[in-house]
Amino acid sequence: MTNEWKEYKAYIGTPTYAVNDRKDTSFLGRFTSDMIKDFSGLTRIFTVLARGYLFHNSDGSLKDGDPYERIDYARRALCAWCSLPSNKKATPTKEWQYSTDFSEYHEEFPELVTEDGAGWYYRHVHALAEFIRNNTGSVNKRLHCLAERTKEWDAAWENKVKQYQVPLFSSNTNAEWLLSFDSAIADALELGSLRREAVILTAKQTKRLALFKPKDVPMKVLTTLAEFYIANKQEQSEWVILPVTNIGAYLGSSSLGRQYLSKIPPELMERKQSSFGASVYRMWL
C-alpha cells in the first residue's frame, strides 16, 4: 500500500483474472465489490493516477519541467481512464453536460482507452462481469451481483463521469459532488511524485503491534495501517487521513471498516470521524 508507484501501475496495467478458491478475490484487483457498486474509493485512485501522469515517465523516473504545465495532460488521462464507448458523442448544451466517450485520446493514452472509447475502468468492470459469469462455481456467491445489471452500472457510471468533469467553481456544482478531476489534480500537485519504495517497520514497531493486537484482527491489517501511517505522516500533524476503502481493497476485503477498526485498542491507534464519512487516525508506534 505504501509503494504508490506499484499502486498506480495496478490502475493502468493489464489485470489478471483467475481464482484459486471461493475465498480468492484477487481477480478484483485494487477494488472491492462495494467500490464497484457504489463508486467509493475513487478519490485516492484519481489522485494517484494524476500524480503518475503529472510527475512520472512510463518507467517511473521523474519528468523534467513544471508539472503545472501538464495539468491539461493529466485531466485528459483521467477522462481516458473513465471513458465509456458510445455511438455518438454527447453535445454539451448545458454547463453540466459533458461527453463521456474519449476515444480521441486513444493515441495519446493507449493504455487507458481503446479506439472505440472503452476506458480502463469500464473494461475492467465488464471483464470482471464476464469472468464471474464464466466461473460461477468458483467465485464466491456474494460477488455474483457484479455480473448482473451491467447496463444499469454503465448508466450510473456515465452520470458520474459527467459530474467529475464539472469545474470546481461552477455555479451548477451540487454540494454532494465531492470529487472532480480538478480536485484530484489539485491534490496531486500538492502531494507531488509517487512513493516508489515500501515502508518497512522496525522490529520494535512490529513487536508493539503484536503486543496490542486484538485476537480477531489479522496482523497484516495492523502492519498495513502502521506502514501507511508512517508513509503519510506530516511533520506539522500527528493525524493522517485514513482511506478505509482503498486500504480494504489492498487487503482484499471490506472487513477493515466493517469489523477490524473498531477492535483496535486506543493504546495502539486513535481514530476520529470527520466530515462526509472521511476519518483521520494516529498510531502510537
Heavy-atom closest pair, residues Arg123 and Ala118: NE-O, 2.9 Å
Heavy-atom side-chain proximity of Thr47 to Ile185 below 4.5 angstrom: no
Less than 4.5 Å apart, side chain to side chain, heavy atoms only: is that true for His144 and Thr136? yes
In terms of heavy-atom contacts, does CG of Asp59 have more than 12 from other residues, nucleotides or ligands at under 6.0 Å? yes
Taking the side chain as every heavy atom from C-beta outward, state whether Phe109 and Tyr73 have any atom pair closer than 4.5 Å. yes
Check the orientation of Trp157 and Tyr164. Use parallel for under 30°, tilted for 30 to 60°, and perpendicular for over 60°. perpendicular
Atom CD of Gln236 with >12 non-hydrogen neighbours under 6.0 angstrom: yes
Using the rule given for side chain to side chain contact (heavy atoms under 4.5 Å, CB included), can you reason through Arg271 versus Val280, listing the C-alpha separation, both sets of side-chain angles and the distance that settles it, and then say yes or no? CA-CA 6 Å; Arg271 183 167 64 105; Val280 293; over 6 Å; no
With a 4.5 Å cut-off on side-chain heavy atoms, are Ile71 and Leu189 touching? yes
In sequence, state the C-alpha distance, the side-chain angles, and the governing distance for Asp101 and Ser103, and then conclude on side chain to side chain donor-acceptor pair (under 3.5 Å). CA-CA 6 Å; Asp101 180 345; Ser103 53; 3.2 Å; yes
Under 6.0 Å from the CD atom of Glu148, do we count more than 12 heavy atoms belonging to anything else shown? yes
Here's a test for you: under ring pair (Phe, Tyr, Trp, His ring centres under 6.0 Å), which of Tyr8, Tyr53, Phe181, Phe39 qualifies with Phe46? Phe181
Hey, mind stepping through Thr100 and Asn159 against side chain to side chain contact (heavy atoms under 4.5 Å, CB included) and telling me if it holds? CA-CA 9 Å; Thr100 56; Asn159 189 50; over 6 Å; no
Verify the neighbour count for atom CD of Glu107: are there more than 12 heavy atoms of other residues, nucleotides or ligands below 6.0 Å? no
How close do His124 and Leu28 get, heavy atom to heavy atom, and via which atoms? NE2-O, 3.0 Å
Leu191-Leu62 co-clustered via ILVMFWY side chain contacts under 4.5 Å: no
Do you know the tightest heavy-atom contact between Ala129 and Ala147? O-CB, 3.5 Å
Parallel, tilted or perpendicular: which one describes the rings of Tyr121 and Trp153, with boundaries at 30° and 60°? perpendicular
Side chains of Lys263 and Val221: closer than 4.5 Å at any heavy-atom pair? no
Is the side chain of Arg282 donor-acceptor paired with the backbone N or O of Glu270 at a distance under 3.5 Å, no angle test? no
Does the side chain of Leu222 reach to within under 4.5 Å of the side chain of Ile264, using non-hydrogen atoms? yes
Any donor-acceptor pair under 3.5 Å from Arg195 side chain to Ala231 backbone: yes
Less than 4.5 Å apart, side chain to side chain, heavy atoms only: is that true for Phe212 and Trp284? no
So CG of Leu112 and CD1 of Ile12: to nearest 0.5 Å the spacing works out to 6.5 Å
Any ion pair linking Lys233 and Glu238 (charged N to carboxylate O, less than 4.0 Å)? no
Tell me, with the steps shown, if Tyr11 and Ile45 meet side chain to side chain contact (heavy atoms under 4.5 Å, CB included). CA-CA 8 Å; Tyr11 298 139; Ile45 293 174; 3.6 Å; yes
Look up atom CZ in Arg22 and atom CZ in Arg142, then write down how far apart they are to the nearest 0.5 Å. 11.0 Å
For residues 240-253, which side-chain N or O atoms pair as donor and acceptor with protein atoms under 3.5 Å away, sequence neighbours left out?
residue : atom : partner : partner atom : Å
Asn246  : ND2  : Gly41   : O            : 2.9
Ser253  : OG   : Ser255  : N            : 2.9
Ser253  : OG   : Ser255  : OG           : 2.8

Of all heavy-atom pairs between Asn57 and Lys63, which one has the smallest distance, and what is that distance? OD1-CG, 3.2 Å
Start with the C-alpha gap between Leu209 and Leu285, add the side-chain angles, then the distance that decides, and say whether side chain to side chain contact (heavy atoms under 4.5 Å, CB included) holds. CA-CA 8 Å; Leu209 293 181; Leu285 298 170; 3.9 Å; yes
Kindly confirm or rule out a cation-pi arrangement of Lys272 over Trp239, judged by NZ or CZ under 6.0 Å from the six-membered ring centre and within 45° of its axis? yes
Are the side chain of Gln205 and the backbone of Thr202 linked by a donor-acceptor contact shorter than 3.5 Å? yes
Of all heavy-atom pairs linking Leu84 and Val161, the shortest is CD1-CG2, 3.9 Å
Hey, what do you get for NZ (Lys6) to CD (Glu197), rounding to the nearest 0.5 Å? 13.5 Å
Measuring only between side-chain heavy atoms, which start at C-beta, is Pro15 closer than 4.5 Å to Tyr17? yes
Yes or no on salt bridge (charged side-chain N to carboxylate O under 4.0 Å, His left out) for Asp34 and Arg258, after CA distance, side-chain angles and deciding distance? CA-CA 12 Å; Asp34 289 343; Arg258 294 176 178 175; 2.3 Å; yes
Determine the minimum heavy-atom distance between Gln165 and Arg75, stating which atoms define it. O-NH2, 2.7 Å
For Arg51, which of Glu4, Glu190, His56 qualifies under side chain to side chain donor-acceptor pair (under 3.5 Å)? Glu4
Taking atom CD1 of Ile200 as the centre, does the number of heavy atoms from other residues, nucleotides or ligands within less than 6.0 Å exceed 12? no
Just by modelled atom types, is the Gly52 backbone N or O under 3.5 Å from a matching donor or acceptor in the Trp5 side chain? no
Under 3.5 Å, side chain of Thr2 to main-chain N/O of Ala198, donor-acceptor pair present? no
Determine whether His126 and Asp154 satisfy the following criterion, side chain to side chain donor-acceptor pair (under 3.5 Å), listing intermediate values before the conclusion. CA-CA 9 Å; His126 280 258; Asp154 289 354; 2.8 Å; yes
Atom CD in Glu267, atom CZ in Arg208: separation rounded to 0.5 Å? 8.0 Å
Any donor-acceptor N/O pair, Arg70 side chain to Leu54 backbone, under 3.5 Å: yes
For the pair Ser180 and Asp182, evaluate side chain to side chain donor-acceptor pair (under 3.5 Å) and give the outcome as yes or no after the intermediate values. CA-CA 5 Å; Ser180 70; Asp182 289 349; 5.3 Å; no
Is there a donor-acceptor pair under 3.5 Å between the side chain of Lys151 and the backbone N or O of Ala155? no
Please indicate whether Glu108 has more than 12 foreign heavy atoms, meaning atoms of other residues, nucleotides or ligands, lying under 6.0 Å from its CD. yes
Looking at Asp38 and Lys160, is any side-chain nitrogen of the basic one under 4.0 Å from a carboxylate oxygen of the acidic one? no
How long is the gap from CG on Leu194 to CG on Leu49, to the nearest 0.5 Å? 9.0 Å
SG-NZ distance between Cys82 and Lys162, expressed to the nearest 0.5 angstrom: 14.0 Å
